[in-house]
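Some notes on the structure that comes next.
Bear in mind the structure is a predicted one, so any value in this text is a computation, not a measurement. Proteins come first, then strands; the chains are lettered A, B, ... in the order of their sequence lines, and each starts at number 1.
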Protein chains: 2
Amino acid sequence: MNKAEKNVQREDKKGYPSPSLQRLPLYLRQLKQYQREGVEKASCTRIAQDLGLISVQVRKDLSMTGIAGRPKVGYNIDELISRIESFLGWDKKRKAVLIGAGALGGAILGYAGFVEHGLSICAAFDVDEKKIGTSIRSCPVYSLDDLEKFVEQNQIVIGIVTVPQSVAQLVTDKMVKAGIRAIWNYSPVRLNVPSNVVCETVQLSSSFAVLSSKVKSMLAEEKKKEQSKQ
Amino acid sequence: MNKAEKNVQREDKKGYPSPSLQRLPLYLRQLKQYQREGVEKASCTRIAQDLGLISVQVRKDLSMTGIAGRPKVGYNIDELISRIESFLGWDKKRKAVLIGAGALGGAILGYAGFVEHGLSICAAFDVDEKKIGTSIRSCPVYSLDDLEKFVEQNQIVIGIVTVPQSVAQLVTDKMVKAGIRAIWNYSPVRLNVPSNVVCETVQLSSSFAVLSSKVKSMLAEEKKKEQSKQ
DNA sequence: TTTAAAGCAATAAATTTTTATCGATTTTTT
DNA sequence: AAAAAATCGATAAAAATTTATTGCTTTAAA
């Protein structure tokens with residue numbers, strides 16, 4: 001590995017293990033389920049069982065939040081929930097805009113779950129004249145030309161990119177220029193952002209690749225079994 | 001870890017490293033980009049640079065497909081593309097149905113990229129009378145009651161779950177009963193499937209958790225800097 | 001024709017993430 | 001009141017993944 005490559009990698013000085021971070025929403029959902037059921041305490045053993053994980057992993061993951069549990073009892077669910085939420089910053093409202101009011105954009109606007117995570121999508125932007133001026137899921141759609149002004153005036157922190165990949169970088173540059181600090185990218189391209197802006201890309205095809213690999217090995221295994229029978 | 005926990009974990013005897021699998025679509029997209037540009041060969045160095053990775057990692061990932069490269073030159077792009085595609089089974093058409101013709105379902109139906117990955121969504125199913133009988137993106141929407149019959153008659157392999165979490169398991173059970181072999185789950189719950197069915201869940205909130213963590217540490221760092229200035 | 005540079009392939013080292021182990025603590029049972 | 005069971009927290013070990021190193025091969029330049 002040369003020095004240039006090294007520097008590219010060093011850009012993300014990660015604090016917490018990403019796999020652990022990714023599991024936190026799972027715990028959160030399960031814990032809220034317990035809450036609805038009227039349960040007050042939960043042990044790692046219980047949580048692990050319900051999520052198909054193992055207890056040590058759950059314990060280690062949850063320890064990121066600084067929660068203290070009691071032996072033989074577990075954690076207080078209310079406290080654990082608020083610990084996870086505050087750990088992720090989900091207890092604070094973060095203003096966002098969404099660029100690309102197409103089908104995917106509409107789906108994200110429609111998913112109520114994100115509101116619970118502090119995500120407040122204030123406006124959507126598009127270039128389609130037919131969409132501009134309308135509302136999608138009670139979120140106003142404005143012209144992309146007004147993006148920068150809106151971001152500046154409303155102190156928007158997060159930008160959600162749901163445009164075709166051909167214009168994703170363009171839109172990103174616009175947002176960065178306007179002062180956006182974080183980008184949640186649903187387009188399948190790597191976005192270039194300055195070091196003072198964070199970016200996270202959702203790769204739907206990555207997930208499909210994993211599924212495809214599972215399918216392939218499943219079918220291969222069955223073929224093998226089939227043959228050995230004869 | 002007790003024995004029960006061990007068994008839960010052992011269920012997924014993985015063949016290839018999941019992080020590597022997840023990067024394959026990235027390579028594929030970049031390679032197709034090269035193809036459009038008329039480039040014929042690409043080295044790991046080049047690919048790594050363009051994707052923000054390092055060359056050894058790219059080389060190791062690509063070696064999964066069994067491709068052979070030439071020193072000082074790199075890989076033949078056409079061959080590499082077809083190697084990756086066949087490795088993932090994306091060179092074969094796999095029939096799928098989609099359950100839940102809402103906003104998210106519509107977004108998936110509208111994403112042309114999946115067709116390139118061999119995914120052929122033959123029909124969508126819903127319970128909403130207003131949707132049944134219509135077409136979304138030239139994909140017919142049928143009543144959920146007809147799901148089992150359709151899956152059986154058309155030899156559907158993959159089921160895509162885009163229903164609210166409250167009915168996700170129900171729908172899954174229906175599909176499994178009908179003979180579906182793979183489930184691509186967009187609902188935020190863990191689905192129980194028999195061992196002869198594979199399942200992959202897309203966790204959008206996991207991605208948001210990672211972004212949120214980045215935002216939080218970014219803001220924290222800035223605060224620290226701000227304070228040290230005074 | 002020789003030398004240098006680029007880069008593949010394989011192997012080794014380092015890092016990260018997961019899993020196991022163990023002692024201590026709290027509750028429940030005897 | 002003592003013993004047993006559950007489970008936390010911390011530490012250690014194992015496994016998975018990433019990164020580094022080395023030698024060899026191919027191409028291009030001197």
Side-chain angles (χ1 to χ4, degrees), chain A residues 1-24 26-27 40-77 79-80 83 206 210, chain B residues 1-24 26-27 39-77 79-80 83 206 210 213:
Chain A
M1 186 167 77
N2 60 42
K3 244 184 179 173
E5 285 184 334
K6 212 175 233 169
N7 285 332
V8 169
Q9 286 289 302
R10 284 287 151 74
E11 267 174 30
D12 62 311
K13 55 236 165 211
K14 45 189 124 177
Y16 295 96
S18 171
S20 297
L21 288 173
Q22 291 183 259
R23 280 188 294 268
L24 288 183
L26 261 69
Y27 300 133
E40 284 187 354
K41 315 255 178 178
S43 69
C44 290
T45 316
R46 170 80 186 278
I47 297 170
Q49 205 155 45
D50 291 343
L51 290 174
L53 304 171
I54 63 172
S55 54
V56 265
Q57 184 166 57
V58 174
R59 198 170 298 121
K60 186 157 263 185
D61 286 344
L62 297 181
S63 75
M64 287 194 298
T65 68
I67 186 94
R70 293 174 63 182
K72 184 88 190 212
V73 176
Y75 304 96
N76 178 285
I77 288 175
E79 191 197 344
L80 187 47
R83 285 260 186 177
S206 290
V210 174
Chain B
M1 187 167 75
N2 60 41
K3 246 186 179 171
E5 285 184 335
K6 213 174 232 170
N7 286 331
V8 168
Q9 286 287 302
R10 284 289 149 74
E11 268 174 31
D12 62 310
K13 55 235 163 213
K14 47 188 124 178
Y16 295 96
S18 172
S20 297
L21 288 173
Q22 291 183 259
R23 279 187 296 266
L24 288 182
L26 261 67
Y27 301 134
V39 185
E40 285 187 353
K41 315 254 179 182
S43 69
C44 289
T45 316
R46 171 79 187 280
I47 298 170
Q49 205 155 44
D50 291 342
L51 289 174
L53 304 170
I54 63 172
S55 54
V56 265
Q57 183 166 56
V58 174
R59 198 169 298 124
K60 186 156 264 185
D61 286 345
L62 297 181
S63 76
M64 284 193 301
T65 69
I67 186 96
R70 292 173 63 183
K72 184 91 186 213
V73 177
Y75 304 95
N76 178 284
I77 289 175
E79 191 198 343
L80 187 46
R83 286 260 186 174
S206 290
V210 175
S213 174

If a pair satisfies salt bridge (charged side-chain N to carboxylate O under 4.0 Å, His left out) and one of its residues is in residues 59-69 of chain A, list it, with sequence neighbours excluded.
A:R23-A:D61
Measure NZ/A:K41 against C1'/C:dT27 and give the value in whole Å, please.
12 Å
Does the protein touch nucleotides 3-13 of chain C at the base, only the backbone, or not at all? Give it as B, S and - per nucleotide, heavy atoms under 4.0 Å.
--BBBBB-BB-
Between P on D:dC8 and CD on A:Q57, what's the gap in Å once rounded to a whole number?
14 Å
side-chain contact (heavy atoms from CB on, under 4.5 Å) for A:L51 and A:V58? Distances and angles first, verdict last.
CA-CA 10 Å; A:L51 290 174; A:V58 174; 5.8 Å; no
Provide, to the nearest angstrom, the distance between the CG atom belonging to A:N76 and the C1' atom belonging to D:dC8.
15 Å
Return the value, rounded to whole Å, for the distance between atom CG of B:D61 and atom C1' of D:dT17.
10 Å
Just the rounded figure in Å: distance from P of C:dT18 to CG of A:L62.
13 Å
In chain order, what residues pass the side-chain hydrogen bond (donor to acceptor under 3.5 Å, both in side chains) check against A:E79, with sequence neighbours excluded?
A:R83
Heavy-atom pair of closest approach, residues B:C44 and B:Y75
SG-CE1, 3.3 Å
For residues B:T65 and B:L62, report the shortest heavy-atom separation together with the two atoms involved.
OG1-O, 2.7 Å
In whole angstroms, how far is the P atom of C:dT17 from the CD1 atom of A:I54?
16 Å
Residues B:Y16 and B:L21: closest non-hydrogen pair is O-CD1, 4.0 Å
